[in-house]
Amino acid sequence: MIDVRVDSERPYQALVALCAGEKDLPCRISFLDETIVRVTVDPTGAFAQYATPRSPEHAARIVAQPDESDVYAHPSAFVRDEGATLAVCAGDTEVLVDKDDGRLTFRLRGRVVMREAAPLELGPRRSTQKLAAAPGERFFGGGTQNG
């Protein structure tokens with residue numbers, strides 16, 4: 001079962017328990033500004049400020065500012081039940097969490113801007129996120145590389 005709640009100490013964050021086989025997978029959705037959303041998945045639920053490098057010589061900080069930084073406006077989040085999904089919202093930005101499998105869909109002003117084609121796969125040595133592409137749409141990049 002998918003569980004979503006706004007963090008009482010940080011009202012710009014929602015804590016999500018995604019389904020991952022037999023156990024829940026802790027996820028955090030942070031609305032940093034009205035159009036900046038950071039999604040973090042951490043099997044331990046600790047949500048470290050920076051990703052832990054695989055080796056000590058990989059010490060770069062990919063994220064310029066942590067979620068708590070004062071450079072962000074931190075709009076308050078709220079959760080709305082939409083039947084098959086739970087919508088985590090702040091302003092015109094919404095992250096929809098599929099109640100059956102935890103797939104995420106991102107909407108801006110009601111228009112889908114990104115959605116997962118399959119649930120997140122998280123293993124001991126790698127993670128896989130499959131995005132659905134609209135006709136003619138292409139993705140590039142890879143996000144945080146050292147975590």
Side-chain angles (χ1 to χ4, degrees), residues 1-53 58 60-123 126-147:
M1 180 174 143
I2 302 294
D3 179 47
V4 180
R5 65 178 173 80
V6 174
D7 187 332
S8 60
E9 293 180 27
R10 293 179 189 89
Y12 61 93
Q13 293 181 344
L15 303 173
V16 183
L18 296 174
C19 294
E22 298 286 318
K23 60 182 180 172
D24 288 341
L25 182 61
C27 172
R28 182 177 68 190
I29 300 171
S30 299
F31 290 90
L32 304 180
D33 276 309
E34 191 146 320
T35 59
I36 300 175
V37 179
R38 186 175 289 154
V39 177
T40 308
V41 175
D42 183 349
T44 69
F47 301 111
Q49 191 172 35
Y50 296 102
T52 304
H58 298 152
R61 299 279 188 238
I62 301 299
V63 177
Q65 290 89 24
D67 291 359
E68 295 79 17
S69 174
D70 289 338
V71 303
Y72 299 120
H74 298 116
S76 293
F78 64 93
V79 179
R80 183 178 62 238
D81 192 322
E82 293 193 352
T85 62
L86 292 169
V88 185
C89 312
D92 291 334
T93 303
E94 302 167 305
V95 180
L96 301 152
V97 182
D98 187 287
K99 288 181 181 178
D100 288 333
D101 59 15
R103 283 178 298 131
L104 302 178
T105 299
F106 296 79
R107 289 192 306 212
L108 179 61
R109 292 185 275 289
R111 184 173 79 76
V112 173
V113 294
M114 187 179 86
R115 69 180 177 85
E116 292 180 317
L120 180 67
E121 296 175 25
L122 192 62
R126 71 174 185 193
S127 62
T128 303
Q129 183 181 35
K130 296 178 183 173
L131 303 179
E137 186 174 38
R138 304 285 185 266
F139 299 99
F140 64 94
T144 303
Q145 301 290 317
N146 69 340

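For reference, positions follow the sequence shown, starting with 1. None of the values given here were measured: they were computed from a predicted structure. Excluded from the calculations below are hydrogen atoms, water molecules and symmetry mates; all remaining heavy atoms, backbone and side chain alike, are included.
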Check [X] against [Y] and note the closest heavy-atom contact, atom names and distance.
X	Y	answer
Asp67	Tyr72	O-CD1, 3.9 Å
Val88	Ala14	CG1-CB, 3.5 Å
Pro75	Glu34	CG-N, 4.0 Å
Val41	Leu120	CG2-CD2, 3.7 Å

Between atom [atom1] of [X] and atom [atom2] of [Y], what is the distance when rounded to the nearest 0.5 Å?
X	Y	atom1	atom2	answer
Leu131	Arg103	CG	CZ	12.0 Å
Asp33	Arg38	CG	CZ	10.5 Å
Ile2	Asp101	CD1	CG	7.5 Å
Arg107	Thr85	CZ	OG1	6.5 Å
Asp81	Leu86	CG	CG	5.0 Å
Gln13	Phe31	CD	CZ	10.5 Å

Would a 4.5 Å heavy-atom cut-off, applied to side chains only, mark Val97 and Leu104 as touching?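 The answer is yes, as the side chains (C-beta and beyond) meet within the 4.5 Å cut-off.
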In the structure I gave you, are the side-chain heavy atoms of Pro26 and Leu15 within less than 4.5 Å of one another anywhere?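 Side chain of Pro26 against side chain of Leu15, heavy atoms only: no contact under 4.5 Å found.
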In plain terms, say whether Asp42 and Arg28 are close enough for a salt bridge, that is, a side-chain N and a carboxylate O under 4.0 Å apart.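 No salt bridge links Asp42 with Arg28.
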Any side-chain to backbone donor/acceptor pair from [X] onto [Y]? Under 3.5 Å, distance only.
X	Y	value
Lys99	Gly83	yes
His74	Pro11	no
Thr105	Arg115	no

